[in-house]
Amino acid sequence: MDKRLQQIISLRENGRLEKANQLMVALVNEEPENGYYQFQCAWTYDSLGKENEAVPHYEKAIQLGLKPEFLVDAYVGLGSTYRTLGQYEQSKYILERAISEFPEAEHVKIFYAMTLYNLGEHSTAMETLLTTLILTSKHEGIINYSKAIKFYCDKLDQTWE
């Protein structure tokens, strides 16, 4: 990683968001075909709460191509950003793409569940969350009750007499 990018990431991590964004935009203007720079630029905009400005950079980063460890985060960033902008169908599409390409990335499923909630797909959202909880939790109580949680996760509206 070059020194300028290291400095920008350090600024962002230390809360100097405006400065990090300013420098990242300049870097992207120098190398607009660098997917990783586009991704980092989107991230600086997101950190500032400027979601509309982040979207084209996430999209460009994905289009240009990223290493898998960054691509999954670009999908999460873009899907989450679409969700916060109220573009729920776009969010769902991007997050489903991420889940398809990175099925082991359990954190993606949490953002997907939030989007499903926003779309009124509450049962699927809860099932996704509960399944992810079972797969990722190390909490003893959740592990002990995992069979029951798994059983009920798709039966939340069902009652028994």
Side-chain angles (χ1 to χ4, degrees), residues 1-2 5-6 8-9 11-13 17 20-21 23-139 142 146 149-157:
M1 183 183 319
D2 70 47
L5 186 56
Q6 282 180 323
I8 292 165
I9 292 171
L11 287 168
R12 186 185 69 228
E13 289 173 346
L17 305 176
N21 178 253
L23 293 172
M24 197 66 238
V25 168
L27 195 55
V28 163
N29 287 336
E30 287 178 29
E31 293 189 49
E33 298 304 305
N34 184 316
Y36 188 65
Y37 287 179
Q38 291 286 349
F39 168 62
Q40 289 294 332
C41 190
W43 195 343
T44 64
Y45 277 121
D46 253 353
S47 296
L48 288 167
K50 296 181 177 183
E51 285 81 5
N52 280 313
E53 288 89 343
V55 167
H57 294 284
Y58 280 128
E59 290 173 339
K60 183 78 169 175
I62 292 167
Q63 175 205 341
L64 289 171
L66 294 165
K67 291 180 181 178
E69 63 267 26
F70 303 122
L71 180 57
V72 67
D73 289 335
Y75 281 140
V76 169
L78 181 58
S80 178
T81 298
Y82 277 144
R83 190 189 72 77
T84 63
L85 293 170
Q87 297 176 23
Y88 305 130
E89 290 296 337
Q90 280 292 92
S91 175
K92 182 178 180 181
Y93 170 76
I94 292 295
L95 294 170
E96 284 176 343
R97 201 166 138 191
I99 291 167
S100 173
E101 289 184 41
F102 302 98
E104 73 290 345
E106 298 299 330
H107 62 290
V108 176
K109 296 169 188 166
I110 302 302
F111 290 92
Y112 181 62
M114 287 187 262
T115 296
L116 293 175
Y117 172 85
N118 291 124
L119 287 166
E121 299 178 35
H122 302 129
S123 293
T124 307
M126 282 298 297
E127 183 177 349
T128 301
L129 281 174
L130 292 171
T131 301
T132 303
L133 178 68
I134 292 167
L135 290 173
T136 61
S137 182
K138 293 185 182 1
H139 187 275
I142 292 174
S146 65
I149 295 167
K150 182 69 176 160
F151 175 79
Y152 290 120
C153 75
D154 64 348
K155 298 169 186 64
L156 294 173
D157 293 318

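Bear in mind the structure is a predicted one, so any value in this text is a computation, not a measurement. Computed from heavy atoms alone, side chains included, the values below leave out hydrogens, waters and symmetry copies.
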How far does CD of E104 sit from CZ of F102, to the nearest 0.5 angstrom? 7.5 Å

On a heavy-atom basis, which atom in V108 and which in A98 lie closest, and how many Å separate them? CG1-CB, 3.8 Å

Shortest non-hydrogen pair, S146 vs I134, comes out as O-CD1, 3.6 Å

I'd like to check L5 versus M24 (side-chain heavy atoms, cut-off strictly below 4.5 Å). Are they in contact? yes

Side chain of S91, backbone of Q87: donor and acceptor closer than 3.5 Å? no

Would R97 and I62 count as a side chain to side chain contact (heavy atoms under 4.5 Å, CB included) if you check the C-alpha gap in whole Å, the side-chain angles of each, and the deciding distance to 0.1 Å? CA-CA 12 Å; R97 201 166 138 191; I62 292 167; 3.6 Å; yes

With a 3.5 Å cut-off and no angle check, do the side chains of Y36 and Q40 form a donor-acceptor pair? yes

Closest non-hydrogen atom pair, V28 against Y37: CG2-O, 3.4 Å

Kindly give the heavy-atom pair with the smallest separation between G77 and D46, and that separation in Å. O-OD2, 4.0 Å

I'd like to check D154 versus S123 (side-chain heavy atoms, cut-off strictly below 4.5 Å). Are they in contact? no

Nearest 0.5 angstrom please: M126 CE to L133 CG, how far? 9.5 Å

Nearest 0.5 Å, what's the CD-OG1 distance between E51 and T84? 4.0 Å

With distance as the sole test, does S47 use its side chain to make a donor-acceptor pair with the main-chain N or O of W43 at under 3.5 Å? yes

Heavy-atom distance under 4.5 Å between the side chains of F39 and L66, does that happen here? yes

Side chains of I99 and Y112: closer than 4.5 Å at any heavy-atom pair? yes

Considering non-hydrogen atoms only, spot the tightest contact between A74 and Y58 and give its length. O-CD2, 3.8 Å

To the nearest 0.5 Å, tell me how far L156 CG sits from H122 NE2. 12.0 Å

Strictly below 4.0 Å, N to O, side chains only: are K92 and E89 in salt-bridge contact? no

Show the nearest heavy-atom pair for residues A113 and A125, with the distance to one decimal. O-CB, 3.3 Å

Could you tell me if the side chain of E53 sits less than 4.5 Å from the side chain of T81, heavy atoms only? no

Does OH in Y117 sit with more than 12 non-hydrogen atoms of other residues, nucleotides or ligands closer than 6.0 Å? no

Determine, stepwise, if the pair V25 / Y45 fulfils side chain to side chain contact (heavy atoms under 4.5 Å, CB included). CA-CA 9 Å; V25 168; Y45 277 121; 3.3 Å; yes

Just do the side chain to side chain contact (heavy atoms under 4.5 Å, CB included) check on T124 and T128 with the steps written out, would you? CA-CA 6 Å; T124 307; T128 301; 4.2 Å; yes

Between atom CD1 of I142 and atom CD1 of I149, what is the distance when rounded to the nearest 0.5 Å? 6.0 Å

How about Y82 and Y93: do any of their side-chain heavy atoms sit closer than 4.5 Å? no

Here's a test for you: under side-chain contact (heavy atoms from CB on, under 4.5 Å), which of T115, L119, I94, L95 qualifies with R83? T115

Could you tell me if the side chain of L64 sits less than 4.5 Å from the side chain of N34, heavy atoms only? no

Q38 pairs by side-chain hydrogen bond (donor to acceptor under 3.5 Å, both in side chains) with which of E31, E33, H57, K60? H57

Any side-chain heavy-atom pair of V55 and L78 under 4.5 Å: yes

Checking L23, L17, T44, N21 against L11 for side-chain contact (heavy atoms from CB on, under 4.5 Å), the one that qualifies is L23

Find the distance between SG (C41) and CD1 (I8) and round it off to the nearest 0.5 Å. 9.0 Å

